[in-house]
Engineer: 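One structure is given below, represented as structure tokens, and several questions about it will come after.
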2 protein chains.
Amino acid sequence: MPARRADARRNVGKLLDAADAAFRDHGTGAPLEPIARRAGVAIGTLYGHFPNRRALARALLRERHDALFARGDRLAEDPPGPALAAWIRAVAEHAAVYGGLAEMLAAGLDDEASELHDDCARMSALTDRLLARAHAAGAVRPEVTSSDVLTLTTAAAWTRAQSAAQADRLLDHALRGMLAP
Amino acid sequence: MPARRADARRNVGKLLDAADAAFRDHGTGAPLEPIARRAGVAIGTLYGHFPNRRALARALLRERHDALFARGDRLAEDPPGPALAAWIRAVAEHAAVYGGLAEMLAAGLDDEASELHDDCARMSALTDRLLARAHAAGAVRPEVTSSDVLTLTTAAAWTRAQSAAQADRLLDHALRGMLAP
DNA sequence: ATGTTTCCCGAGGCACCCTCAGTTTAGCGA
DNA sequence: TCGCTAAACTGAGGGTGCCTCGGGAAACAT
């Protein structure tokens, strides 16, 4: 794979900047034409680099996801119960950077073809691992499954898009019901 | 307000039938043109009766909401704790008849101009009432607010659109964390 | 300087939304 | 039964957004 042309690299950068601004302001459903325009590029160029909205989101989230996964790995050293809780909160907070991201990630978990699938799978694996640790330590009620945790996480992420404070309270209550009595 | 013409009444009926089918199959975001076509009517006729998608949804939900509110009133006679839990489950289940309805209702609660606002406000009032009763009976933890319950309800409703079983489990856990220890 | 390859451009086809000027028709009164 | 009129219906068309693809431009190697 030879190096990309300089103009291509420049344009990708400008597109990502414009897309980040647009997604922050209007969610992941923001129209793509204005993004291209703002990047000083034609719409075809955008599609040339990113075949679809998910691919664009994936590129935007790359570093952010790396940081999140690193955080998850670090948490695997902390006390199991609090670590699991912290992880859930971290993911929920992350998924709220862009409105609509929670839905996108939830869909990406099921859809093998999604550009976000790998990242979602990694999040899921990390959740499994942290939950298993918590189970081993007796920090969570035995009936809590990995799906339960994932469901709570996406639900909280979705809620966070509307009200961060309410999402935190939802997590407070639900975690109280999941952690060992 | 004089009685509507017979053809208008007929068409409204056919439109509602077609819309119900389409919303069940494709969610509240289903294209409206096919609905009109399926009802044997031009697109303009649909808009003549329902100025927007929300108005159509409102009409579809009318009886269903009446039944839900009646259920809520009846629950106000039952033991407070279980009544509150049953109410939350009932609303969550209701909001899952059509994909996307949870979002629509959540938006309708905030948006005064929404055709669904009144219904949402009634649901909210009923929630307040059932929660107040539960508080009075000491059946819920004191820090649980009405917003908390509403948040949980919409989150569960949203989850239900993806997996009914997971939504039920989410409610199990969250309610355990909200009800008195 | 030239050739090749990569990249960019943007008009245009598609889907859906919603409106409104013109046409049809139900229902009423003579 | 026959107009008449208000109510209802129609569907072309303008707006927005998605995405493609053939032709043109620009980078880079030689």
Side-chain angles (χ1 to χ4, degrees), chain A residues 1-19 21-60 98-100 103-104 107 111 113-116, chain B residues 1-19 21-60 98-100 103-104 107 111 113-116:
Chain A
M1 187 202 296
R4 282 144 111 187
R5 252 168 54 176
D7 54 347
R9 229 174 317 119
R10 239 186 349 256
N11 285 337
V12 166
K14 286 192 286 183
L15 280 167
L16 289 176
D17 287 349
F23 281 12
R24 278 179 196 279
D25 289 352
H26 308 115
T28 55
L32 301 183
E33 261 107 348
I35 292 177
R37 205 178 320 129
R38 183 159 175 174
V41 130
I43 183 64
T45 300
L46 187 157
Y47 279 97
H49 290 296
F50 309 104
N52 56 49
R53 189 176 292 278
R54 284 190 312 271
L56 183 54
R58 171 70 225 285
L60 239 23
Y98 304 138
E103 284 89 337
M104 227 181 198
D111 180 6
S114 169
E115 283 76 3
L116 290 163
Chain B
M1 186 207 292
R4 283 144 110 187
R5 251 167 57 172
D7 54 346
R9 228 173 318 120
R10 241 190 344 260
N11 285 337
V12 166
K14 285 192 285 185
L15 281 167
L16 289 176
D17 286 349
F23 281 12
R24 278 179 196 279
D25 289 351
H26 308 114
T28 54
L32 301 182
E33 261 107 346
I35 293 177
R37 203 177 323 128
R38 183 161 175 172
V41 131
I43 183 64
T45 301
L46 187 156
Y47 280 97
H49 290 296
F50 308 104
N52 56 48
R53 191 177 289 277
R54 283 191 313 271
L56 183 54
R58 170 72 224 286
L60 281 175
Y98 303 138
E103 284 89 336
M104 226 181 197
D111 179 8
S114 168
E115 283 76 2
L116 290 162

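Per chain, numbering begins at 1; letters A, B, ... match sequence-line order. Bear in mind that the values here come from a model prediction, so they are computed numbers and not experimental data.
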Engineer: A/R37 near the nucleic acid: base, sugar-phosphate alone, or nothing, with a heavy-atom cut-off under 4.0 Å?
Structural biologist: nothing
Engineer: A/A42 has a side chain; which of C/dC8, C/dC9, C/dC7 sits nearest to it?
Structural biologist: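 The answer is C/dC9, which lies nearest to the side chain.
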Engineer: Given that A/V12 and B/R10 both sit by DNA chain C, which one's nearest nucleotide is further toward the 5' end?
Structural biologist: A/V12
Engineer: With a cut-off of less than 4.0 Å, is there a side-chain N or O of B/Y47 near OP1 or OP2 of C/dT19?
Structural biologist: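 Answer no for this pair, as no side-chain N or O of B/Y47 is under 4.0 Å from OP1 or OP2.
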Engineer: So which atom in B/F23 and which in B/R53 form the shortest heavy-atom distance, rounded to 0.1 Å?
Structural biologist: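 Shortest heavy-atom separation between B/F23 and B/R53 comes out as CE1-NH1, 4.2 Å.
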Engineer: Find which nucleotide of DNA chain D each of A/R53 and B/V41 is nearest to by heavy atoms, and output the residue with the more 5' nucleotide.
Structural biologist: B/V41
Engineer: Want to settle it: does B/A6 or B/P34 sit nearer the 5' end of DNA chain C, counting the closest nucleotide to each?
Structural biologist: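 In this pair, the answer is B/P34.
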Engineer: Given side chains that start at C-beta, do those of A/F50 and A/L60 come closer than 4.5 Å, heavy atoms only?
Structural biologist: no
Engineer: Between the side chain of A/N11 and the main-chain N/O of A/D7, is any donor-acceptor distance below 3.5 Å?
Structural biologist: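 Yes; at least one donor-acceptor contact below 3.5 Å.
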Engineer: Please find the pair of heavy atoms, one from A/E115 and one from A/R54, that lie closest to each other, and give the distance.
Structural biologist: OE1-NE, 2.9 Å
Engineer: Assuming nearest nucleotide by heavy-atom distance, tell me which of A/P31 and A/G44 is located more 5' along DNA chain D.
Structural biologist: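 So the residue in question is A/P31.
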Engineer: Expressed in angstrom and rounded to an integer, what is the separation of B/R4 atom CZ from C/dG27 atom P?
Structural biologist: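 Whole-Å distance recorded here is 13 Å.
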Engineer: Tell me whether B/H49 at atom NE2 has more than 12 heavy atoms from other residues, nucleotides or ligands lying less than 6.0 Å away.
Structural biologist: yes
Engineer: Would you kindly give the NE2-to-P distance between A/H49 and C/dC9, to the nearest whole Å?
Structural biologist: 9 Å
Engineer: Provide the start and end nucleotides, 5' to 3', of the part of DNA chain D that has atoms under 4.0 Å from heavy atoms of chain A.
Structural biologist: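 Here the contact window of chain A covers D/dG17 to D/dC28.
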Engineer: For A/G48, report the nucleic acid contact type (base, sugar-phosphate, nothing); a contact means any heavy atom under 4.0 Å.
Structural biologist: nothing
Engineer: Where the side chain of B/I43 is concerned, which of C/dC18, C/dA26, C/dC8 is the nearest nucleotide?
Structural biologist: C/dC18
Engineer: List the atom of A/A36, the atom of A/L15, and the distance in Å for their closest heavy-atom pair.
Structural biologist: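 Minimum heavy-atom separation between A/A36 and A/L15: CA-CD2, 4.0 Å.
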Engineer: NA contact type, B/N11, heavy-atom cut-off 4.0 Å: base, sugar-phosphate, or nothing?
Structural biologist: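 Answer is sugar-phosphate: B/N11 comes under 4.0 Å of backbone atoms only.
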Engineer: B/R5 has an atom CZ; how far is it from atom P of C/dG27, in whole Å?
Structural biologist: 7 Å
Engineer: Looking only at side-chain atoms of A/D7, point me to the closest of C/dA26, C/dC8, C/dG10.
Structural biologist: C/dC8
Engineer: Can you check whether A/I43 reaches A/I35 side chain to side chain, under 4.5 Å on heavy atoms?
Structural biologist: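 Not touching, per the 4.5 Å side-chain cut-off.
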Engineer: To the side chain of B/E33, which of C/dC8, C/dT25, C/dC16 is closest?
Structural biologist: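 My answer, after comparing the listed nucleotides, is C/dC16.
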